[in-house]
Participant: 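Encoded as structure tokens, here's the structure I'll be asking about.
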Amino acid sequence: MEKKLKVGVLGATGMVGQRFITLLENHPWYEVAVVAASPRSAGKTYEEAVGGRWKMDTPMPEAVKKLAVMNVNEVEKVSAGVDMVFSAVDMTKEEIRAVEEAYAKAETPVVSNNSAHRWTPDVPMVVPEINPEHFQVIPFQKKRLGTAHGFISVKPNCSIQSYAPVLTAWKEFEPYEVVATTYQAISGAGKTFRDWPEMVGNIIPYIGGEEEKSEQEPLRLWGKVEGGAIVKAPGPVITCQCIRVPVLNGHTSAVFVKLRKKADKGELIEKMVHFKGLPQELKLPSAPKQFIQYLEEDNRPQVALDVDFENGMGISVGRLREDTVYDYKFVGLSHNTLRGAAGGAVLCAELLTAQGYIQAK
């Protein structure tokens with residue numbers, strides 16, 4: 001790319017916003033031109049607005065420290081300085097829907113980490129290796145919004161990333177019934193142990209809204225574009241429990257699967273490790289070279305050893321074995337703020353850019 005696109009980060013002071021900031025530092029295609037947040041942060045420098053709440057392991061990039069934080073609600077003003085925005089705003093769903101649509105109508109493409117538009121029929125919810133064809137609804141969305149360039153695209157919930165890619169890789173064997181339990185890191189709630197000392201040595205067997213998302217969002221990924229809208233797939237049937245565990249980064253899943261077409265363990269592993277998509281074919285900057293790795297050791301995957309596989313953009317799977325009730329069971333692991341949140345959104349933006357949906361204004 002001859003000239004980097006100017007991007008804005010909405011909700012830049014929160015944990016996912018901070019993750020966007022770190023991922024976009026020295027990105028070959030994008031540079032952060034605008035940071036926006038709530039009115040109470042507006043007018044401060046980014047460094048002042050974040051204060052002691054910087055939650056990343058790496059230092060705050062120098063390039064953003066002195067940027068003046070803009071009011072996320074001043075849509076025209078923010079849009080004037082950018083070619084696109086990443087959205088990680090912390091608002092009610094209704095407010096998020098409204099503000100993201102306002103940016104799209106201001107002819108600024110929005111790639112969102114938020115859940116507010118995941119079930120809007122003409123908004124693509126995409127894992128680039130799984131369902132890039134869903135971007136085909138964007139022209140229908142633009143027609144509804146009355147825009148030439150502006151649109152909204154979203155990525156799915158972080159909790160499904162550790163098992164939905166595996167089930168996709170096994171599509172030809174027709175998974176039809178799935179039981180999944182996810183063990184989810186505290187950064188998924190935007191927290192560190194300093195923010196949430198009650199989680200040290202603790203497990204909470206409830207995460208609001210997660211179980212429905214974990215059961216339903218994979219069906220939308222596997223759905224079809226029909227009449228300018230995405231219609232979710234009828235199956236497989238998924239039932240899920242979501243548990244918060246004392247881990248900083250990394251969502252682990254324990255999954256049981258029934259398959260209509262029989263397969264042996266070797267075939268299932270081969271399908272996983274060779275599974276790839278457009279990001280790998282196009283060699284997008286954030287794409288993992290290998291999307292899914294399989295680990296033979298009985299005690300893997302482990303968060304401590306495997307969460308950063310492929311810079312946190314790959315999926316790690318282990319303990320695949322036959323089950324006495326279901327056909328097979330396995331354990332999956334994904335990085336929830338990289339592949340599951342900001343990294344997944346950046347990869348979506350890269351594919352949208354490569355396909356011409358996002359361009360310099």
Side-chain angles (χ1 to χ4, degrees), residues 5-25 27 30-56 60-61 63-118 120 123 125 141 145-147 149-155 158 187-191 195 337 341-346 348-349 352 358 361:
L5 297 178
K6 293 181 177 180
V7 305
V9 179
L10 312 181
T13 58
M15 179 176 269
V16 175
Q18 292 176 24
R19 181 66 79 182
F20 275 122
I21 294 292
T22 60
L23 289 174
L24 295 168
E25 184 183 18
H27 192 284
Y30 309 129
E31 65 174 327
V32 177
V34 172
V35 288
S38 66
R40 67 179 177 273
S41 295
K44 299 176 183 177
T45 66
Y46 184 68
E47 189 173 28
E48 290 168 344
V50 173
R53 296 180 297 112
W54 183 253
K55 298 179 180 181
M56 299 295 105
M60 183 184 292
V64 300
K65 283 184 177 180
K66 302 306 177 189
L67 284 180
V69 178
M70 299 180 73
N71 183 344
V72 73
N73 298 311
E74 295 181 347
V75 176
E76 295 290 343
K77 194 173 175 183
V78 173
S79 292
V82 298
D83 299 308
M84 65 156 292
V85 293
F86 291 103
S87 177
V89 290
D90 183 12
M91 300 174 170
T92 67
K93 274 199 168 74
E94 291 73 21
E95 289 170 331
I96 293 169
R97 272 194 285 269
V99 79
E100 290 183 349
E101 199 159 292
Y103 276 93
K105 287 180 176 177
E107 299 294 0
T108 302
V110 179
V111 179
S112 180
N113 182 66
N114 294 302
S115 64
H117 277 289
R118 286 183 191 155
T120 303
V123 170
M125 182 181 77
Q141 184 194 148
L145 297 175
T147 61
H149 305 288
F151 64 88
I152 303 162
S153 176
V154 300
K155 49 148 294 299
C158 52
S187 58
K191 306 283 189 183
D195 308 323
T337 68
V346 171
C348 281
L352 285 162
I358 296 173
K361 286 183 178 176

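Keep in mind that this is a model prediction, so the values were computed, not measured. Side chains are part of it too, since the values below use all heavy atoms of this structure and drop only hydrogens, waters and symmetry mates.
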Participant: Please list, chain by chain and in numerical order, all residues satisfying salt bridge (charged side-chain N to carboxylate O under 4.0 Å, His left out) with K77, sequence neighbours excluded.
Facilitator: E74

Participant: Does the side-chain contact (heavy atoms from CB on, under 4.5 Å) test come out yes or no for D195 and K55, once each step is laid out?
Facilitator: CA-CA 10 Å; D195 308 323; K55 298 179 180 181; 3.2 Å; yes

Participant: Nearest 0.5 Å, what's the CG-CG distance between N114 and L10?
Facilitator: 9.0 Å

Participant: Between V123 and R118, does the side-chain contact (heavy atoms from CB on, under 4.5 Å) criterion hold? Intermediate values first, please.
Facilitator: CA-CA 7 Å; V123 170; R118 286 183 191 155; over 6 Å; no

Participant: Show, in sequence, the C-alpha distance, side-chain angles and deciding distance for Y30 and L23, and conclude whether the side-chain contact (heavy atoms from CB on, under 4.5 Å) test is met.
Facilitator: CA-CA 10 Å; Y30 309 129; L23 289 174; over 6 Å; no

Participant: Which residues satisfy the salt bridge (charged side-chain N to carboxylate O under 4.0 Å, His left out) test with E94, sequence neighbours excluded?
Facilitator: R97

Participant: What is the minimum heavy-atom distance between P109 and H149, and which atoms define it?
Facilitator: CG-O, 3.7 Å

Participant: With sequence neighbours excluded, tell me which residues meet salt bridge (charged side-chain N to carboxylate O under 4.0 Å, His left out) with E107.
Facilitator: none

Participant: How many angstroms lie between atom NZ of K361 and atom OG1 of T108, to the nearest 0.5 angstrom?
Facilitator: 3.0 Å

Participant: Determine the minimum heavy-atom distance between V72 and A36, stating which atoms define it.
Facilitator: CA-CB, 3.9 Å

Participant: In the structure I gave you, are the side-chain heavy atoms of V111 and I358 within less than 4.5 Å of one another anywhere?
Facilitator: yes

Participant: For atom CZ of R53, decide whether the heavy atoms of other residues, nucleotides or ligands shown that lie under 6.0 angstrom number more than 12.
Facilitator: yes

Participant: Of the non-hydrogen atoms in T13 and A49, which two are nearest, and what is the gap between them?
Facilitator: CG2-CB, 4.0 Å

Participant: Hey, does M15 have a side-chain heavy atom less than 4.5 Å from the side chain of M56?
Facilitator: yes

Participant: To the nearest 0.5 Å, what is the distance between NZ on K93 and NE2 on H117?
Facilitator: 11.5 Å

Participant: Output the distance between atom OG1 (T337) and atom CZ (R19), rounded to the nearest 0.5 Å.
Facilitator: 3.5 Å

Participant: State, yes or no, whether a side-chain contact exists between V64 and V9 at a heavy-atom distance under 4.5 Å.
Facilitator: no

Participant: Listed by chain and number, what are the ring-ring contact (aromatic ring centres under 6.0 Å, His included) partners of F86, not counting sequence neighbours?
Facilitator: F20

Participant: Ignoring hydrogens, what is the shortest heavy-atom contact between K155 and A341? Give both atom names and the distance.
Facilitator: CD-O, 3.0 Å

Participant: To the nearest 0.5 Å, what is the distance between OG (S41) and CG (N71)?
Facilitator: 9.5 Å

Participant: Might you point out which heavy atoms bring V35 and A12 nearest each other, and give the distance in Å?
Facilitator: CB-CB, 3.8 Å

Participant: Taking NZ in K6 as the centre, count heavy atoms belonging to other residues, nucleotides or ligands within less than 6.0 Å. Is the count above 12?
Facilitator: no

Participant: What residue pairs, at least two apart or across chains, pass salt bridge (Lys or Arg N to Asp or Glu O under 4.0 Å) with a residue in residues 80-91?
Facilitator: none

Participant: Taking all non-hydrogen atoms of both residues into account, name the closest pair between A33 and G81 and its distance.
Facilitator: CB-O, 3.8 Å

Participant: With sequence neighbours excluded, tell me which residues meet salt bridge (charged side-chain N to carboxylate O under 4.0 Å, His left out) with K105.
Facilitator: E101

Participant: Please report the interatomic distance CD(E76) to OH(Y103), rounded to the nearest 0.5 Å.
Facilitator: 9.5 Å

Participant: Are the side chains of M60 and V50 in touch, meaning some heavy atoms are under 4.5 Å apart?
Facilitator: yes

Participant: Heavy-atom distance under 4.5 Å between the side chains of V82 and V7, does that happen here?
Facilitator: no

Participant: Show, in sequence, the C-alpha distance, side-chain angles and deciding distance for H27 and V346, and conclude whether the side-chain contact (heavy atoms from CB on, under 4.5 Å) test is met.
Facilitator: CA-CA 10 Å; H27 192 284; V346 171; 3.9 Å; yes

